[in-house]
Amino acid sequence: METKTIVLNDIDYITRDEKPVIRLFGRDSKTNENVIAYDTTFKPYLYILPNNLDECLVELRQLGIDDLELEDKIDIGVKREYIKATLIHPQEVPKLRDIIRELPTVREIREYDIPFYRRYLIDKQITPTNVIEIHGKTQDMDFDVDDDVIIFKLEENPIDTKEIVNQNKILSFDIEVYNAEGMPSAKKDAIIMMSLCGNNGFKKVLSTKKSSKDFVETLPTEEDMLKRFVEIIKEENPDMLVGYNSDNFDLPYIKERADTLNIKLPLGIDKSSIKFIKRGFNNAGLIRGRVHVDLYLLVRQYMNLDRYTLERVYKELFDIEKIDVPGDKIFEYWDSDNELLEKLFDYSMDDAITTTEIADKLTPLTVAQTRLVGQPLFDIARMTTGQMVEWYLIWKAFEKNNIIPNKPTTNEYTQRRSSKKVAGGYVKEPEKGLFEHIAYLDFKSLYPSVIIAQNISPDTITTDDTLDESEYHLCPESDYKFLKEPKGFIPSIIGYILDERQRIKKLMYEETVPEQKKAYDFEQQGLKRLANSMFGAYGYARFRWYKKECAAAITAWGREYIQDAMKKSEEYGFKPIYADTDGFYATYIGNLDD
DNA sequence: GGGTAGCGGGG
DNA sequence: GTGTACGCTACCC
């Protein structure tokens with residue numbers, strides 16, 4: 001048996017002999033070769049809570065489901081016995097679950113909608129972007145792959161070494177398109193330039209026109225340009241392919257152009273073309289085995305701006321104006337064949353360069369979040385913070401033997417959405433006037449602290465009126481009660497996140513190697529975001545652990561905390577003049593010489 | 001006020 | 001893909 005260590009970039013599954021085959025895509029951490037490790041042993045499953053265990057087992061066997069085991073799992077604080085039904089193929093699950101759900105002996109089904117590759121990552125406890133140790137042998141499989149890709153058959157579970165790679169190789173790309181008739185259409189408007197820029201210094205603009213600029217490479221036709229584009233991506237073999245709005249513009253355009261010109265686009269490690277995955281209201285451009293990140297989505301998540309154009313974002317982050325060519329004039333610059341064309345080359349190059357610079361600044365946080373949440377970087381880069389919280393909790397639920405709550409049905413979802421909104425933080429309108437000796441006092445992570453201190457969790461909320469007052473926390477402004485013991489699922493996880501953050505911050509301050517110091521900084525930022533998003537998630541209608549009462553209790557206690565703090569400050573000679581949620585401004589009116 | 005249509009980024 | 005989906009603002013009645 002051989003052992004390899006790979007940086008885990010991506011994961012999927014394919015079907016062979018009607019059985020699923022998990023594929024881990026990675027890069028050998030020593031030789032840098034591309035590796036696909038496959039696992040034929042992993043099977044899909046779901047949980048069934050029976051009304052009548054024995055009868056239910058009979059009914060399931062009648063359906064031909066005979067790989068059945070009994071397992072104790074905790075459901076929102078209550079231990080129950082579930083039937084774990086293991087199936088052959090993931091695509092059976094949606095078909096069978098509807099039948100199983102309707103069986104008279106079945107009370108409820110669980111964990112029937114966890115994508116197969118995510119299930120694998122969770123169950124094997126391996127994390128994308130980490131270094132993974134794999135055991136098995138180099139053995140061919142009928143994957144269509146490039147010659148230099150190593151195919152590896154897993155014979156044991158992969159092991160997460162927890163080792164991380166601090167610097168990812170980034171290659172950004174951008175295209176310019178002929179647009180004499182307004183927004184271009186890929187059916188008729190050619191791609192005129194394709195720019196590429198790596199964080200290793202690689203810079204190139206491909207075009208069908210000539211230039212004296214050394215970064216320009218001229219190709220005879222658009223077809224040749226597209227082929228060269230594929231070639232460069234294979235040669236550079238980056239950890240991350242980055243574009244700006246590339247999910248919805250560049251990649252769809254490139255794909256449609258290739259289709260129109262009737263040429264192949266073997267960008268994936270398995271020689272596959274770009275695929276589009278429907279995610280919400282827009283596409284995600286997937287290049288198999290490589291990680292495509294659309295920076296626009298990260299920028300939307302991390303920055304709060306009036307507009308999110310590349311220019312605006314670049315100015316905000318670096319305080320430098322980008323080379324500008326008005327979008328609707330691009331075809332005029334192209335047709336000019338004079339210095340305007342030269343300016344267009346510069347503009348095209350600059351778009352890719354700035355994209356790389358922004359990526360270098362923002363993606364380390366996304367990679368840190370990937371490692372915390374344990375899902376693929378491709379997915380994390382397209383998740384909202386609420387979804388990240390959910391997948392983090394799903395991972396933790398597995399660790400703590402908690403069964404995962406179901407996603408809300410459409411009915412539950414619309415009900416939640418239409419129900420009255422939870423009251424927010426306390427706001428004191430600012431007092432008019434000019435004040436001296438202003439102090440700002442605020443709570444460090446107010447809501448996470450409230451959740452922990454009051455043990456606010458779906459599994460600790462109680463309506464039991466026989467309890468003694470000493471046994472629960474009573475929420476102000478309402479009669480919600482939360483048990484003091486045992487520690488709730490979510491408070492214990494937030495507690496862990498906050499402790500972990502303190503530990504990482506300590507490491508960060510002690511660290512002397514700048515690279516590592518930065519890595520710790522991104523990790524603690526990721527943890528902070530996770531802790532702070534937990535409150536919002538309680539009120540997010542699509543959240544599996546949604547609990548309006550918890551959200552309401554958190555803000556109610558939050559209001560109490562801040563108002564108490566304001567009162568207390570008055571005893572020390574302060575007069576609060578403005579407050580919002582977790583902090584307030586106060587003017588010092590006591591004697592400063594005291 | 002409640003409801004829905006439209007839009008973001010990209011050229 | 002163990003598919004089915006955002007969140008805000010403008011404008012309407």
Side-chain angles (χ1 to χ4, degrees), chain A residues 12-15 20 42-47 85-98 100-101 109-120 122-123 173-186 188-194 243-254 257 275-286 294-301 305-313 324-334 344 347-348 351 355 379 382-387 394 404 406-407 409-410 413 417-418 536 540-542:
Chain A
D12 75 350
Y13 85 92
I14 52 160
T15 303
F42 192 61
K43 291 178 185 161
Y45 60 86
L46 74 162
Y47 288 101
T86 301
L87 307 175
I88 306 295
H89 197 280
Q91 284 170 3
E92 282 182 288
V93 179
K95 287 172 196 153
L96 281 168
R97 72 181 178 209
D98 294 329
I100 297 170
R101 191 191 279 122
I109 56 169
R110 289 291 183 94
E111 305 198 12
Y112 49 77
D113 58 357
I114 313 291
F116 194 54
Y117 66 95
R118 292 195 176 173
R119 182 89 267 181
Y120 190 86
I122 295 164
D123 289 21
F173 65 98
D174 181 55
I175 63 169
E176 308 306 327
V177 160
Y178 196 74
N179 62 344
E181 293 167 59
M183 269 316 277
S185 125
K188 54 177 174 50
D189 295 313
I191 297 172
I192 54 182
M193 292 180 188
M194 304 183 93
Y244 198 81
N245 202 27
S246 41
D247 270 347
N248 286 299
F249 183 74
D250 299 69
L251 290 187
Y253 208 96
I254 291 169
R257 269 324 270 174
K275 286 188 181 65
F276 294 97
I277 297 172
K278 280 238 184 323
R279 255 165 207 270
F281 60 110
N282 51 15
N283 285 325
L286 177 88
D294 185 344
L295 267 195
Y296 171 66
L297 301 164
L298 301 192
V299 161
R300 289 302 301 244
Q301 195 188 125
L305 302 173
D306 47 346
R307 302 191 62 208
Y308 295 90
T309 59
L310 187 56
E311 288 86 344
R312 179 71 186 84
V313 169
D324 191 36
V325 167
D328 53 353
K329 296 282 193 303
I330 284 176
F331 74 103
E332 290 177 17
Y333 281 59
W334 174 253
L344 187 61
Y347 167 75
S348 179
D351 269 5
T355 301
D379 296 15
R382 290 166 179 80
M383 275 184 195
T384 62
T385 41
Q387 291 168 320
I394 288 173
I404 303 164
N406 290 338
K407 268 196 272 196
T409 61
T410 323
Y413 175 72
R417 292 225 71 163
S418 58
Y540 166 57
R542 240 179 261 287

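Letters A, B, ... mirror the listed sequences (proteins, then strands); counts begin at 1.
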Counterpart residues, salt bridge (Lys or Arg N to Asp or Glu O under 4.0 Å), relative to A/Asp247 (two or more places apart):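 Here the qualifying residues are A/Arg382.
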Set of salt bridge (Lys or Arg N to Asp or Glu O under 4.0 Å) partners for A/Arg119, sequence neighbours left out: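 For A/Arg119 the salt bridge (Lys or Arg N to Asp or Glu O under 4.0 Å) partners, ignoring immediate neighbours, are A/Glu111, A/Asp123.
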Per A/Arg542 side chain, nearest of listed nucleotides C/dT2, C/dG1, C/dC6: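 Nucleotide nearest to A/Arg542's side chain: C/dC6.
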CZ (A/Arg101) with more than 12 external heavy atoms under 6.0 Å: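 Enclosed: over 12 neighbouring heavy atoms sit under 6.0 Å from CZ of A/Arg101.
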For [X], check side-chain hydrogen bond (donor to acceptor under 3.5 Å, both in side chains) against everything at least two apart and list the hits.
| X | result |
| --- | --- |
| A/Glu176 | none |
| A/Asp12 | A/Arg23, A/Arg288 |
| A/Asp324 | none |
| A/Tyr178 | A/Asp335 |

N or O in side chain of A/Tyr13 less than 4.0 angstrom from C/dT2 OP1/OP2: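 Yes, within the criterion.
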Below 4.0 Å: OP1/OP2 of C/dA5 and any side-chain N or O of A/Lys407: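 No, no such contact exists.
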Protein-nucleotide distance (A/Asp247, atom CG; C/dA5, atom P), rounded to Å: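 Going from CG in A/Asp247 over to P in C/dA5 covers 19 Å.
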Distance in angstrom units between A/Asn283 CG and C/dC6 C1', rounded: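 Rounding to the nearest Å, CG of A/Asn283 and C1' of C/dC6 are 14 Å apart.
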Find every protein N or O atom lying less than 3.5 Å from an N or O atom of nucleotides 8-12 of chain C, and list the pairs.
none

Once ring-ring contact (aromatic ring centres under 6.0 Å, His included) is applied, do any residues pair with [X], and if so which ones, sequence neighbours excluded?
| X | result |
| --- | --- |
| A/Tyr120 | A/Phe42 |
| A/Tyr117 | none |
| A/Tyr13 | A/His89, A/Phe116 |

For chain A, the stretch of DNA chain B it reaches, first to last nucleotide, under 4.0 Å of its heavy atoms: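 The contacted stretch runs from B/dG8 to B/dG11.
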Within residues 110-118 of chain A, residues whose heavy atoms come under 4.0 Å of DNA chain B: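 Heavy-atom cutoff 4.0 Å gives no residues at all.
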